[in-house]
Amino acid sequence: MSVQRRFTKFLGLAAVGALTVGLAACSSSGGSGDNADAGDLTTVGFVAVGPEGAWREANEKNIQETFTEDAGFELKYAPATNLDQKSQIDAFTSFVDEGVDVILLSATEASGWEDSLARAQEAEIPVILLDRGIDPDDPSLYITRIAPDNVEVASAVGDWAVEQFPDGGNYITLEGPAGVGVVNERNEGWDSAVDGSDLVEVAAQTANWSAEEGKSVTETLLKANNNNIQLIFAQNDEMGLGAAQAVEEAGLTPGVDVKIATIDGTLAAMEALADGQLSFVHEYNPLFGETALDVVNKTLAGESVESYIIVPSEAFDSAEAAQAVLADRQY
Ligand code: AHR
């Protein structure tokens, strides 16, 4: 362990939600790139999700490309085995036992982290949540969460939908897997925007972030509703792209008969928006590695950070908007 730490105490500053972690870094190796040699590297245990789709690939690649030895870090990447939480908990425990300097956690499940977080706190190892929140949301158990604001993102999608359908319409929601924190946050944001409108949810079903399941679930729901669906809210791009295939195979035209809105903003979705397969795409910006590195350096230097760091994300509501950014997309 390259950084000798002495936590004075977690001071929750209610006014700004900031956490101040009293640390006395006894070495200058806070990952600031000023390390003389490998022995001074800041060790970072990254409890990751692993293969899940284009968004996850972009996010985890960005983290790995940011926490490099040149930047003063030894990043230990631990992707889950088949999205299994137990493999994440095992990796988390191993990182605590080996005494890494900091743990980054992208949780496959929102619940079940209490014991792990308590062990990290007892070992005085700060934990930083990336993307996914956890339940109970007790900011005293972790330093901060870095993510776009799912509630705000989904609320913006809902606002667009209400504007598109002033006279209402039938819609289906394709959700991510049950138990994943962002799914509840996206439902909350969407519901807050569409409640009181004439949009009617005829079905909500998980398609597990997958294009294949997005297609099969949409096929089933279109048949069950005699194709009387005007809108699909897909909580990620892959499910929306699969839904577009099902819409076409049902003899309907995406963007005309059925509008499809998605969240993530990956290249495939932006291309689909540009050619009219999708009608609205809200980014859920995965490229926050530099923010995470700054938070790690500040935490290990004993500086305060906000308890929730929101990553800015853009909305794209037309083919023209997508075409304008396609050439420069980084993910
Ligand atoms: O937690 C973020 C979600 O996880 C993304 O929206 C989805 O594509 C990923 O699998």
Side-chain angles (χ1 to χ4, degrees), residues 46-63 79-85 88 104-111 113 128-135 137 145-158 173-190 204 206-215 217 232-244 260-273 278 280-289 291-292 308-316 329-331:
F46 181 15
V47 180
V49 170
E52 189 186 47
W55 187 93
R56 186 65 55 196
E57 182 181 351
N59 176 254
E60 296 190 355
K61 179 170 178 276
N62 181 245
I63 296 294
T81 306
N82 300 321
L83 304 175
D84 171 50
Q85 183 185 35
Q88 286 201 312
L104 305 178
L105 170 62
S106 293
T108 56
E109 301 278 345
S111 59
W113 290 101
I128 293 164
L129 306 183
L130 302 185
D131 167 26
R132 301 275 177 79
I134 57 173
D135 295 326
D137 185 11
R145 175 185 178 191
I146 303 172
D149 183 330
N150 285 281
V151 174
E152 280 305 308
V153 165
S155 177
V157 184
T173 302
L174 301 177
E175 297 179 340
V180 172
V182 302
V183 173
N184 300 331
E185 293 168 341
R186 291 177 187 180
N187 280 326
E188 178 188 339
W190 168 271
T206 186
N208 291 303
W209 301 136
S210 126
E212 185 181 348
E213 286 195 47
K215 180 180 177 183
V217 169
I232 298 173
F233 169 38
Q235 291 188 345
N236 89 324
D237 290 344
E238 278 89 349
M239 295 188 293
L241 293 168
I260 303 170
T262 76
I263 292 174
D264 277 346
T266 56
L267 182 60
M270 298 301 282
E271 289 169 339
L273 178 61
L278 299 179
F280 185 89
V281 176
H282 202 301
E283 253 183 2
Y284 182 74
N285 187 352
L287 307 180
F288 49 77
T291 301
Y308 184 2
I309 296 171
I310 293 173
V311 178
S313 296
E314 276 189 77
F316 298 89
R329 289 306 283 170
Q330 294 179 60
Y331 71 98

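Note that the structure is predicted; figures quoted are calculated from it, not measured. All ligand and atom numbering here is 1-based and tracks the order in the structure. Every heavy atom of this structure was used, including side-chain atoms; hydrogens, water molecules and symmetry mates were not.
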Chemist: Between Arg186 and ligand 1, which part of the residue brings a heavy atom under 4.0 Å of the ligand: side chain, backbone, both or neither?
Modeler: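 Near ligand 1, Arg186 shows its side chain, while the N, CA, C and O stay back.
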Chemist: Regarding Asn187 and Gln235, is there a side-chain donor-to-acceptor distance under 3.5 Å anywhere?
Modeler: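 Asn187 vs Gln235: donor-acceptor pair found between side chains.
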Chemist: Identify the residue among Leu287, Asp149, Leu130, Ile146 that makes a side chain to side chain contact (heavy atoms under 4.5 Å, CB included) with Val311.
Modeler: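 Single side chain to side chain contact (heavy atoms under 4.5 Å, CB included) partner of Val311 among Leu287, Asp149, Leu130, Ile146: Ile146.
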Chemist: To check your reading of the model: name the closest protein heavy atom to atom 4 (O) of ligand 1, its residue, and the distance in Å.
Modeler: Arg132 NH2, 3.0 Å
Chemist: Does any donor atom in the side chain of Tyr284 or Asp131 lie under 3.5 Å from an acceptor atom in the other side chain?
Modeler: yes
Chemist: Looking at ligand 1, does any of its N/O atoms fall within less than 3.5 Å of an N/O of Tyr284?
Modeler: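 By distance alone, the answer is no.
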Chemist: Compare Leu83, Asp264, Thr262 and give the one whose heavy atom is closest to atom 6 (O) of ligand 1.
Modeler: Asp264
Chemist: For Trp55, is at least one N or O under 3.5 Å away from an N or O on ligand 1?
Modeler: no
Chemist: On a heavy-atom basis, which atom in Ala80 and which in Gln88 lie closest, and how many Å separate them?
Modeler: CB-CG, 3.7 Å
Chemist: What do you reckon, does Val182 put a non-hydrogen atom under 4.0 Å from ligand 1?
Modeler: yes
Chemist: Heavy-atom contacts with Asp131 under 4.0 Å: which atoms of ligand 1 show up? List them by number with element.
Modeler: 1 (O), 2 (C)
Chemist: Taking it one step at a time, do Trp209 and Val183 satisfy side chain to side chain contact (heavy atoms under 4.5 Å, CB included)?
Modeler: CA-CA 10 Å; Trp209 301 136; Val183 173; 4.1 Å; yes
Chemist: Atom 9 (C) of ligand 1: which protein heavy atom is closest, and how many Å away?
Modeler: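 Here the nearest protein heavy atom works out to Glu52 OE1, 3.3 Å.
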Chemist: Check the side chains of Glu283 and Asn285 for a donor-acceptor pair under 3.5 angstrom, ignoring hydrogens and angles.
Modeler: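 On atom types as modelled, these side chains do not qualify, holding no pair under 3.5 Å.
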